[in-house]
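Just below is one structure, and these are the notes that go with it.
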Amino acid sequence: MHAAALLRLGRAAGVRLGDVSRRPASVVAPKSSTAGWEEEKSKDRVRWRQLEHRGPYFVPAYEPLPDGVRIVYDGKPVKLSLAAEEVATLYGKMLHQEYTTKEVFQNNFFNDWRKEMTEEERELIKHLDKCDFTEIHRHFMDKAAARKALPREEKQKLKEEAKKLQQEFGYCILDGQREKISNFKMEPPGLFCGRGNHPKMGMLKRRIRPEDVTINCGRDAKIPEPPAGHQWKEVRSDNTVMWLATWTESVQNSVKYITLNPSSKLKGQRDQQKYEAARRLKGVVGEIRSQYRADWTSPDVKKRQRAVALYFIDKLALRAGNRKEEGETADTVGCCSLRVEHVQLHAQANGCKYVVELDFLGKDSISYSNRMSVEKPVFENLQLFMKNKSPGDHVFDKLTTSSLNKHLQAWMDGLTAKVFRTYNASITLQKQLQALTHANDSQASKILAYNRANRAVAVLCNHQRAAPRTFMKSLQTLHAKIEAKKAQAAEVQVELVKAKANHLTRGDSKSRRLLQKQWQRLQKLEEQLIQLSAQVKDKEENKHVVLGTSKLSYLDPRISIAWCKKFGVPVEKVYTKTQREKFTWALDTAEDFEF
DNA sequence: GGAAACACTTAGCAGCCTAGGG
DNA sequence: CCCTAGGCTGCTAAGTGTTTCC
């Protein structure tokens, strides 16, 4: 009954405006006779009292290709209808990308492209491999090059225009404050590029019209003007949500939103709440750990599965792993969705007992590959969970993320699987900083220590990247530098020996000065060599690791800011401008802050 | 109680921009 | 002063978790 009452209150707070009938009523849920926490709860969900904005910016309409640029089919140039031509350009633009070589991409694209063709076009164009998009590709490459080669003033002008657009559409008024919007431009049409082995890659992502977009704004706000000759799908005033506009994307039928920038007060508050939850977990994590260890030997299989999964989530910072619809997305997993094929058990490996090997594709199809020694009950449980199962079966077949989260919720209000990732990331940073920073070190060494601590977290969270394109080249340059220095050092070494001999025979002050000079030169070179090889090491360690993701989403900024203050490192050395804007709420943290 | 819908956070990468070396 | 490597930002995909529906 409570739940039902809550639902009604929740909906009442989100009033549909329909055709702009506006009563000067409060936006807050109406007072109901059911008193106490229910009302509290519904007030909790109110995110704002005032919201005003210009609506999204729509990208310019399609501009037809000039006459000289054509698609060639089976050796013959073809002039396409506007709709078909537009979709063809989306493919032509991408010709240099690896995607277009993939069969799934090609098939999906061709399928969707044909839907845009006229009857005659469909009759003519039957095979993608007979289509030649090179003229289109060249056209867009030339255009890009031309833009790049524009004189300075012209570029400046374009920049000014972009800025103007940002000023006009890029901000909203939220509760009296002018706040930045993160994505005020509508996504242009394009070919869907999923990550990894995505079954829908190459499908057409349609152009979104104002008629597809729902606007959310304050009841008393001026309703944003749709582009001339158009209308919004709907205008509503729901102050229990944070989005300004929404639409449904055509490939996955997923809902997309226009939302506030992380620098906004509202987003900042939520970020802070997230870290506060992680800090509260710090208080109970000991108990939770004892509990799940005890549960490893429970007679209840469900409990044992939950306890082992939670152990992975805690120890390895795995994601929860919701079940996904098969065939709709790339095949990736998290903890609760691990399958037998992702886990290997070795009773004995490299002198260690009870070794578990995990190998799977996680979020964004990033590979997770880890092997570690676990306690005997974990090992034996896994053996049991996997017994008589096929490779494609779930290891934790009696567990779902929602049952796991329900269990966690009982431990602590607001506790879910992802809080463990935040907690473990932040606590690791704090501990590593403590271990690696020395007050008397140079600023450069302190920053290096910070980056090392940051890297420990990135490795824990498996924040990987493809090696940068320029990686090999820049590493080679660095190695070349080292070789040059080494050669130089060898030369100086020879000089030094000579000088030594010279000084031995002559023994005067001049020859002595000369000897000293050579010796100093050698010292300096050796120091530089040490620096350079440290750089190489740093670079190699960072080859596949991204520090930015954990910094932005998992590390309580108050830890970093307190560290900066304590060791006299300017905050700008750790956070870029945008990052400082995101973490405004934490900038005044005292140096003795403890996570 | 499970699926679908919804809301919001977390994610890697392309390409632009800019600082610092030659 | 120019050029280029690497840092930064914008983009949008892909997760998590809650609410609603059946």
Side-chain angles (χ1 to χ4, degrees), chain A residues 3-4 6-8 10-11 14 45 47 94 96-97 144 147-148 155 158-159 162 166 170 182-188 190 192-196 198 200-201 205 216 238 240-243 246 248-249 251-257 259-262 266-267 270-271 274 319-325 328-330 332-337 361-366 400-406 408-409 414-419 421-422 425 461-466 468-471 473-475 477-478 481 539 542 544-554 575-579 581-582:
Chain A
L6 245 183
L7 294 190
R8 259 180 274 117
R11 298 201 87 185
R45 297 172 35 162
R47 301 275 159 85
M94 290 182 67
H96 59 288
Q97 293 189 30
R147 202 173 328 115
K148 226 171 165 181
K155 275 188 185 168
L158 288 176
K159 229 171 146 182
Q166 162 85 38
S182 64
N183 56 331
F184 65 88
K185 282 183 190 165
M186 290 303 290
E187 293 172 18
F192 178 78
C193 295
R195 313 252 167 88
H198 198 115
K200 296 196 171 184
M201 64 167 79
K205 201 173 78 173
N216 190 27
D238 183 349
T240 66
V241 295
M242 306 200 311
W243 51 265
T246 183
T248 301
E249 161 266 350
V251 174
Q252 317 215 67
N253 270 321
S254 65
V255 186
K256 299 229 173 180
Y257 302 94
T259 56
L260 295 167
N261 193 71
L266 187 53
K267 286 272 195 186
R270 292 178 60 88
D271 207 31
K274 175 183 78 184
R319 295 188 185 82
N322 283 314
R323 302 273 148 94
K324 313 203 298 182
E325 210 177 330
E328 294 289 301
T329 59
T332 62
V333 297
C335 185
C336 296
S337 50
L361 294 182
K363 180 174 179 180
D364 292 309
S365 294
I366 296 292
T400 65
T401 51
S402 55
S403 70
L404 175 63
N405 283 336
K406 218 168 158 186
L408 292 173
Q409 180 64 37
L415 185 58
T416 60
K418 88 197 254 287
V419 181
R421 241 165 107 81
T422 312
C461 293
N462 201 40
H463 288 143
Q464 291 194 25
R465 61 168 175 185
R469 263 168 224 276
T470 53
F471 183 84
K473 203 180 154 209
S474 62
L475 194 66
T477 338
L478 213 50
K481 246 184 189 170
K539 198 180 225 10
N542 265 344
H544 291 287
V545 184
V546 215
L547 304 188
T549 307
S550 49
K551 205 184 221 180
L552 227 51
S553 300
Y554 288 101
Y575 289 131
T576 65
K577 187 169 149 273
T578 326
Q579 288 166 344
E581 279 165 8
K582 168 167 178 167

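The structure presented is a predicted model; accordingly, all values stated were derived computationally and were not measured. For the numbers below, each heavy atom of this structure counts, side chains included, while hydrogens, waters and symmetry mates do not. First the proteins, then the strands, lettered A, B, ... as listed; each starts at 1.
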- Item | Nearest-nucleotide comparison on DNA chain B, the residue closer to the 5′ end among A:D271 and A:Q97 | A:D271
- Message: Check whether A:K155 reaches the backbone of A:K148 with its side chain - one donor and one acceptor, N or O, closer than 3.5 Å.
- Response: yes
- Separation of atom CG in A:L415 from atom P in C:dT18, rounded to whole Å: 10 Å
- Return yes if some donor-acceptor pair links the side-chain N/O of A:K582 with the main-chain N/O of A:L552 below 3.5 Å, else return no. yes
- Indicate, with a heavy-atom threshold strictly under 4.0 Å, whether A:P188 touches base, sugar-phosphate, or nothing. sugar-phosphate
- Parallel under 30°, tilted from 30 to 60°, perpendicular over 60°: which one fits the rings of A:H198 and A:F192? perpendicular
- Base, sugar-phosphate, or nothing: which does A:Y257 touch, judged by heavy atoms less than 4.0 Å apart? base
- Task: Grab the CG-C1' distance between A:D238 and C:dT19 for me, whole Å please.
- Result: 13 Å
- Item | Smallest separation among heavy atoms of A:A425 and A:Y554, with atom names | CB-CB, 3.6 Å
- Query: Quick one: on DNA chain C, does A:R195 or A:F184 contact a more 5' nucleotide (nearest heavy atom)?
  - Reply: A:F184
- Message: Show the nearest heavy-atom pair for residues A:T549 and A:H463, with the distance to one decimal.
- Response: CG2-NE2, 3.5 Å
- Query: Sub-3.5 Å donor-acceptor pair from the side chain of A:N253 to the main-chain atoms of A:T248, do we have one?
  - Reply: no
- Taking CZ from A:R323 and P from C:dG17, how many angstroms apart are they, rounded to a whole number? 14 Å
- Gap between atoms CG and P, on A:D364 and C:dT16 respectively (whole Å): 11 Å
- Query: Does OP1 or OP2 of C:dT16 have a side-chain N or O of A:N322 closer than 4.0 Å?
  - Reply: yes
- Sugar-phosphate only, base, or nothing, as touched by A:S254 at under 4.0 Å among non-hydrogen atoms: nothing
- Query: Is any side-chain nitrogen or oxygen of A:K577 closer than 4.0 Å to OP1 or OP2 of C:dG7?
  - Reply: no
- Task: Round to a whole Å and report the spacing from CG of A:N405 to P of C:dT19.
- Result: 12 Å
- Taking any atom under 4.0 angstrom from a heavy atom of chain A, which nucleotides of DNA chain B are the first and last to qualify, 5' to 3'? B:dC6 to B:dA14
- Message: Side-chain N or O of A:Q579 versus OP1/OP2 of C:dC8: is the shortest distance under 4.0 Å?
- Response: no
- Which whole-number value in Å describes the distance from A:E187 CD to C:dA14 P? 12 Å
- Task: Let me know, please, whether A:S550 or A:K148 comes out on the 5' side of the other along DNA chain B by nearest nucleotide.
- Result: A:S550
- At under 4.0 Å, does any side-chain N or O of A:N183 touch on OP1 or OP2 of C:dC11? no
- Hey, does the side chain of A:R47 reach the backbone of A:D238 with a donor-acceptor pair shorter than 3.5 angstrom? no
- Query: Base, sugar-phosphate alone, or nothing: which one does A:G334 contact when heavy atoms must sit under 4.0 Å apart?
  - Reply: nothing
- Task: Select base, sugar-phosphate, or nothing to describe what A:R319 touches, counting heavy atoms under 4.0 Å on all strands.
- Result: sugar-phosphate
- Tell me what A:K406 touches on the nucleic acid: a base, only sugar-phosphate, or nothing, going by heavy atoms under 4.0 Å. nothing
- Task: For A:Q252, answer base if it contacts any base atom (sugar-phosphate contacts may also be present), sugar-phosphate if it contacts only those atoms, and nothing otherwise; contact means non-hydrogen atoms under 4.0 Å.
- Result: sugar-phosphate
- Query: Hey, is the main chain of A:M94 close enough, under 3.5 Å, to the side chain of A:Q97 for a donor-acceptor pair?
  - Reply: no
- Query: Does the side chain of A:K363 get closer than 4.0 angstrom to OP1 or OP2 of C:dA13 through an N or O atom?
  - Reply: no
- With a non-hydrogen cut-off below 4.0 angstrom, is A:A330 in contact with a base, only sugar-phosphate, or nothing? nothing
- Message: Taking any heavy-atom pair under 4.0 Å as a contact, classify A:L552: base, sugar-phosphate, or nothing.
- Response: nothing
- Checking all strands, does A:R421 fall into the base, sugar-phosphate, or nothing category for heavy-atom contacts under 4.0 angstrom? sugar-phosphate
- Query: Do A:T259 and A:S182 have side-chain N/O donor and acceptor atoms under 3.5 Å apart?
  - Reply: yes
- Item | Distance, rounded to the nearest Å, where A:M186 contributes CE and C:dG10 contributes P | 18 Å
- Query: For the pair made of CD in A:Q464 and P in C:dA14, what is the distance, rounded to whole Å?
  - Reply: 17 Å
